[in-house]
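Here is the structure we will look at.
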Amino acid sequence: MEIKPKLNLDWYKGEDSYSDGNVEDDIIKYIMENAPEDYGRTIMEHYSWPVYYHLTHTRQNLLNWYPFKKEASVLEIGCGMGAITALLCDRCRTVTAVELSKRRAEAAQLRCRAKDNLEIIAGNLNDIEFDRKFDYITLIGVLEYQGTYTNSDNPYKDFLVRIRSLLKEGGKLLIAIENKYGLKYWCGAPEDHTGIPFDGINQYKLSGGKVRTFSREELTRLLAESGYMKSFYYFPMPDYKLPTVIYSEKYLPRNGMLENVVPYYIPSDQTLVVEEEAVYKDIVRNGVFDFFANSYLVECSVGALEEEEEKTVFALMSSKRQREYRIGTKVNTSGQAVKFPLEDNKHIRNHLIQIMENGEKLEHRGLKALPYRMDEDELISDYMDLPLFEDALYDAAARGDADLLWKLWDKLLEQIEESSNTVEQKECIIYELEMDRYEEGKDYGKILREGYLDMIPRNCFIREGEMLWFDQEWTLDHIPSKYILFRGMMNTYIRFAVMHDAIPMQEWLEHYGIDIFLPTFLSMDALFDKMILDEYYAGYDAEKRDEQIYKKNIVKLLQ
């Protein structure tokens with residue numbers, strides 16, 4: 001096995017001061033046995049939190065959307081076992097990674113064994129002398145530990161000052177760190193570094209304060225005192241460790257909704273007393289999301305950033321799919337929405353082209369669709385700051401206007417049925433898959449020759465009273481129109497509880513004659529998920545938790 005990255009031990013002092021234990025040896029073995037970043041089966045077969053955390057590709061979502069300059073140099077401080085190192089090697093010209101633990105440095109070297117633009121240095125950054133400066137420096141889960149690893153009266157400031165000296169003119173520092181006042185801590189989750197519930201909120205008096213995080217105001221002040229003139233805040237959710245969506249100070253969540261966010265709790269959820277998802281809805285509506293976001297990714301610069309500099313302000317990653325379908329969507333300040341590959345996989349480009357062509361087909365059918373264009377491996381459209389069709393449904397439901405809701409659902413069904421030519425009922429895919437037997441008179445709705453499965457309310461803008469479709473990824477031949485309508489209903493009812501109050505789901509199902517087909521449609525959904533989602537990640541990860549844990553823990557408090 002050829003290992004291309006250089007491992008520099010000149011600054012290593014012969015002792016690893018922290019570790020996850022012997023499981024790290026197991027992880028190194030798994031890295032050796034598998035192709036780089038192809039660890040899904042191994043994670044499933046040998047699941048533990050350290051195995052999952054160190055090997056999951058979800059870690060890369062923290063920066064796989066960030067617009068690194070291709071010719072840039074990067075200093076990655078605290079590379080761990082290389083979860084993000086390979087991504088940096090792919091995006092930039094040279095990468096220098098520093099890691100305190102020799103064992104983890106060796107794991108990163110092995111994991112990035114094909115990268116010839118990487119040097120890994122084992123040792124404490126404070127001891128290392130560099131002969132060059134860098135375009136980017138990353139501090140991912142590192143700053144909070146400087147009370148232990150920087151010997152100083154003001155370790156956090158002095159560490160940041162030291163890093164500032166390693167930045168080129170115009171360079172950027174990227175800091176990922178938990179928010180001391182993150183909502184999960186108010187909900188009772190143990191503090192990530194000390195394991196003590198409410199430790200940060202209690203100003204670390206319970207643990208002694210050798211490890212600490214900051215509020216946004218505290219961190220901004222610390223950065224300014226350390227010589228960083230400008231900072232821009234991103235909010236990775238559910239946190240920076242396993243993010244699926246990145247908000248920013250210029251693009252905050254709306255309508256109380258957090259996209260693709262499922263909280264997880266490590267090492268356990270045994271101290272949770274509040275349901276995090278439900279509280280976020282109120283926090284978003286009350287305009288205090290940035291104060292309670294679980295973690296920050298901060299872009300810092302020594303000189304003031306140019307106001308006209310293009311910046312990505314939002315990113316959403318579909319990373320739990322099979323590798324050929326893993327794509328992200330990002331929004332930038334130049335007014336573009338960009339779909340991009342999360343994997344170096346030639347099939348993803350074909351999938352992006354298919355999205356563009358699906359929109360064009362809808363246009364040929366007389367429907368309105370957002371136009372796209374391909375630029376190398378990215379699919380680009382104009383960013384539309386328009387209300388969604390689901391917003392219209394939500395507003396009607398919030399007012400209790402059932403008559404308007406029925407009209408809107410009927411309009412959606414009408415658009416679905418206009419999107420394609422039809423075939424005979426007996427040609428329905430339901431019968432082909434033997435999910436049901438053909439009988440004369442069964443009303444599955446029109447059987448579409450080519451059904452667009454993403455004709456759901458959240459994939460449709462409202463522009464001057466017209467419906468404008470976007471993100472039409474998936475099609476199936478000979479699919480019932482009512483199945484697509486059902487998908488739209490399920491997606492909307494799951495997202496907005498108020499829908500149930502205006503029109504109960506059972507009433508909705510009976511109205512469209514879908515109640516008798518419910519088991520069949522649910523089976524179709526399960527089959528579709530199996531086609532798209534990665535079997536090693538779908539539903540099998542740290543997100544599993546007891547939905548009743550909050551009530552159980554409150555009862556314990558009352559005993």
Side-chain angles (χ1 to χ4, degrees), residues 2-11 35-37 57 59-99 104-123 125 128-140 142 162-176 228 232 234 246 297-303 305-306 309-312 315 328 330 332 338 340-346 348-349 375-378:
E2 183 182 8
I3 300 178
K4 294 181 179 180
K6 176 184 176 183
L7 179 59
N8 184 338
L9 300 178
D10 293 347
W11 305 96
E37 305 312 315
H57 65 268
R59 296 276 304 279
Q60 295 190 356
N61 288 346
L62 180 65
L63 291 174
N64 56 17
W65 53 271
Y66 187 81
F68 290 102
K69 296 177 182 178
K70 292 181 179 179
E71 293 303 309
S73 58
V74 181
L75 173 62
E76 182 187 16
I77 302 174
C79 69
M81 291 189 161
I84 296 178
T85 311
L87 171 72
L88 297 175
C89 291
D90 291 339
R91 300 297 172 87
C92 299
R93 181 174 54 85
T94 63
V95 177
T96 303
V98 175
E99 172 54 44
R104 291 190 178 188
E106 290 171 338
Q109 182 192 30
L110 187 62
R111 185 170 186 170
C112 301
R113 51 187 175 267
K115 309 301 181 184
D116 58 8
N117 60 340
L118 171 64
E119 178 185 10
I120 302 173
I121 305 174
L125 178 91
I128 301 170
E129 296 179 5
F130 294 93
D131 58 3
R132 61 198 181 280
K133 295 188 176 184
F134 301 88
D135 296 295
Y136 299 99
I137 299 177
T138 66
L139 283 182
I140 300 172
V142 172
R162 159 74 167 144
I163 290 170
R164 190 188 71 197
S165 70
L166 298 174
L167 269 179
K168 289 182 181 178
E169 184 70 25
K172 295 183 176 67
L173 167 64
L174 300 172
I175 301 175
Y228 297 88
F232 185 86
Y234 294 97
I246 311 288
L297 173 67
V298 193
E299 180 190 68
C300 319
S301 64
V302 176
L305 296 177
E306 297 291 336
E309 181 185 48
E310 182 176 307
K311 190 181 296 295
T312 298
K330 57 187 176 183
N332 58 44
V338 180
F340 62 99
L342 299 182
E343 298 271 342
D344 183 14
N345 187 311
K346 63 182 180 180
I348 296 179
R349 189 176 195 279
D375 184 359
E376 295 183 352
D377 289 331
E378 294 185 334

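We use all heavy atoms of the structure for the numbers below, so side chains are in, but hydrogens, waters and symmetry mates are not.
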Can you list the residues that meet the salt bridge (Lys or Arg N to Asp or Glu O under 4.0 Å) rule with K168, with sequence neighbours excluded?
D135

Residues forming a side chain to side chain donor-acceptor pair (under 3.5 Å) with K330, sequence neighbours excluded
none

Using salt bridge (Lys or Arg N to Asp or Glu O under 4.0 Å) as the criterion, list what pairs up with D116, not counting sequence neighbours.
none

Test side chain to side chain contact (heavy atoms under 4.5 Å, CB included) on K115 and D90; report intermediate values, then the result.
CA-CA 8 Å; K115 309 301 181 184; D90 291 339; 2.6 Å; yes

Considering residues at least two apart in sequence or located in another chain, which fulfil the side chain to side chain contact (heavy atoms under 4.5 Å, CB included) criterion with R164?
V161, Y228, V302

Taking side chain to side chain donor-acceptor pair (under 3.5 Å) as the definition, give me every residue that meets it alongside N61, ordered by chain and number, with sequence neighbours left out.
N64, S319

Approximate separation, where rounding is to 0.5 Å, of L118 CG and T85 OG1:
6.5 Å

Taking it one step at a time, do T96 and R132 satisfy side chain to side chain contact (heavy atoms under 4.5 Å, CB included)?
CA-CA 11 Å; T96 303; R132 61 198 181 280; 2.8 Å; yes

So which heavy atom on R113 is nearest to which on P36, and how close?
NH2-CD, 3.7 Å

Report yes or no: does R162 contribute a side-chain atom to a donor-acceptor pair with the main-chain N or O of L125 at less than 3.5 Å?
yes

Set of side chain to side chain contact (heavy atoms under 4.5 Å, CB included) partners for A105, sequence neighbours left out:
L7, E99, I120, A122

I need the E106 CD to M81 CE distance, nearest 0.5 Å.
10.0 Å

May I ask you to check whether Y136 and F134 place their ring centers less than 6.0 Å from one another?
no

Show the nearest heavy-atom pair for residues V74 and C92, with the distance to one decimal.
CG2-SG, 3.4 Å

Min side-chain heavy-atom separation F130-I121 under 4.5 Å:
yes

So, do N8 and E119 sit near enough that their side-chain heavy atoms are less than 4.5 Å apart?
yes

Applying salt bridge (Lys or Arg N to Asp or Glu O under 4.0 Å), name anything that partners R349, two or more places apart in sequence or on another chain.
D377

Using the side chain to side chain donor-acceptor pair (under 3.5 Å) criterion, which residues pair with R104? Sequence neighbours excluded.
D20, E24

Please identify each residue that fulfils side chain to side chain donor-acceptor pair (under 3.5 Å) with N117, with sequence neighbours left out.
none

Contact summary for G78 and V142, nearest pair of heavy atoms
CA-CG2, 4.0 Å

Hey, are the side chains of I163 and I77 touching, using non-hydrogen atoms and a 4.5 Å cut-off?
yes

For a side-chain contact (heavy atoms from CB on, under 4.5 Å) with P67, tell me which candidate from T312, V338, N332 qualifies.
T312

Minimum-distance pair of heavy atoms, taken over all atoms of P341 and I348
CB-CG2, 3.7 Å

If you compare all heavy atoms of A86 against all heavy atoms of C112, which two are closest, and at what distance to 0.1 Å?
N-SG, 3.7 Å

In short, E299 meets K311 closest at the heavy-atom pair OE1-NZ, 2.5 Å

Please identify each residue that fulfils side chain to side chain contact (heavy atoms under 4.5 Å, CB included) with A176, with sequence neighbours left out.
L62, I140, Y240, L297

Please examine the side chains of F232 and K172, heavy atoms only from C-beta on, and report whether any two atoms are closer than 4.5 Å.
no

Keeping the roles fixed (side chain from R111, backbone from A108), state whether a donor-acceptor pair exists under 3.5 Å.
no

Is any side-chain heavy atom of L63 closer than 4.5 Å to a side-chain heavy atom of R91?
no

E343: what forms a salt bridge (Lys or Arg N to Asp or Glu O under 4.0 Å) with it, not counting sequence neighbours?
R323, R326

Sub-3.5 Å donor-acceptor pair from the side chain of E76 to the main-chain atoms of T138, do we have one?
no

By side chain to side chain contact (heavy atoms under 4.5 Å, CB included) - contacts of D375 (at least two apart)
R373, I380

Do Y66 and I246 have side chains that get closer than 4.5 Å, going by heavy atoms?
no

